[in-house]
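Quick one: structure below, then a few questions.
All residue numbers refer to positions in the sequence shown, counting from 1. In each ligand, atom 1 is the first atom listed, and ligand 1 is the first ligand listed.
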Amino acid sequence: MTPLFDTHAHILSGQFDEDRTALLERLPSLGLAGMIEVGTTVDDSEAAAALADNVDYVYAAVGVHPQEAKDAPTDYIERIEALAVRPKVLAVGEIGLDYHYEISPRGVQRRVFSEQLALAGRLGLPAAIHMRDATQDTLSILREHKGVRGVMHCYSGSAETAEILADMGFYISFTGSVTFKNARKTAEAAAAVPLSRIMAETDCPYLSPEPVRGRRNDPSNVRHVLQKLAEIKGVPFEDMCRINIENAKGLYHKL
Ligand code: NI
């Protein structure tokens with residue numbers, strides 16, 4: 001079976017409380033070779049790092065999500081740093097800007113994003129970046145932190161912006177939303193990203209891909225995202241699975 005790798009998941013979400021242990025036992029039999037559990041708060045990041053310690057094929061990213069930025073404790077950078085140096089913690093994330101929901105004020109989001117990019121730069125770690133309706137500010141903050149590499153997770157921007165980001169050296173990662181029938185813009189962005197810069201993720205429990213849309217998402221569904229990307233890029237499914245893993249290894253040097 002072609003090994004699957006989910007580059008961005010939230011299996012610690014409450015939606016998995018009933019059956020998380022059973023699911024984690026079952027996922028390898030569904031073809032999953034690895035996954036990255038991504039933190040959204042300091043506490044969640046601590047839990048993600050602990051999960052990576054306990055489950056062979058699980059890795060972690062640690063960071064404060066833009067929606068949570070306003071509630072970041074004053075010592076959050078120290079606490080994220082203590083987690084980020086652990087061997088199975090691959091990245092600082094998810095971090096970024098979300099002007100769509102704007103749950104944290106924009107100025108707070110920008111400060112917390114910049115501080116965490118600076119941390120990633122200091123530690124030589126890549127960043128997992130959330131960008132929603134905030135293209136210009138995201139690009140300008142990324143340009144202030146030139147040494148930091150990263151991935152634009154759950155990409156929802158334009159093809160033009162995707163090309164700019166790929167030229168800057170960023171990877172572009174797609175979720176189940178690329179499989180949605182009304183998602184032409186996202187499919188166009190995937191078509192514009194070179195194969196050397198593309199990645200696949202579930203962002204579960206959200207964004208279940210077709211044909212399982214509407215149900216709870218889980219990391220094994222990265223198969224459907226990879227199938228769609230293979231179709232868009234005109235490569236065999238097996239090659240797309242391999243490219244996804246190669247690109248993940250290209251970005252996450254601890255992998
Ligand atoms: Ni996420």
### Task
Check whether any N, O or S atom of H8 sits under 2.8 Å from the Ni ion (ligand 1).
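Yes.
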
### Least distance between heavy atoms, A9 atom then C204 atom
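So the two residues come closest at CB-SG, 3.7 Å.
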
### Query
Got a salt bridge between R79 and D43, using NZ or NE/NH1/NH2 to carboxylate O under 4.0 Å?
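The answer is yes: the pair qualifies as a salt bridge.
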
### Message
Checking one value in my table: which N/O/S atom of E94 lies closest to the Ni ion (ligand 1)?
### Response
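This residue's closest N, O or S atom turns out to be OE2.
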
#### Entry: Heteroatom of D203 nearest to the Ni ion (ligand 1) (N, O or S, atom name)
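Atom name returned: OD1.
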
### Task
Mark yes or no: R149 above the aromatic ring of F170, with NZ or CZ under 6.0 Å from the six-membered ring centre and no more than 45 degrees from the axis.
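Because its charged atom misses either the 6.0 Å distance or the 45° angle limit, R149 does not stack over F170.
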
#### Entry: Backbone or side-chain N/O/S of H10 under 2.8 Å of the Ni ion (ligand 1)
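Given the 2.8 Å cut-off, H10 counts as a ligand of the Ni ion (ligand 1).
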
### Query
Of the options D71, V112, T41, which is the one that meets Y76 in a side-chain contact (heavy atoms from CB on, under 4.5 Å)?
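Of D71, V112, T41, side-chain contact (heavy atoms from CB on, under 4.5 Å) with Y76 is met by V112 alone.
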
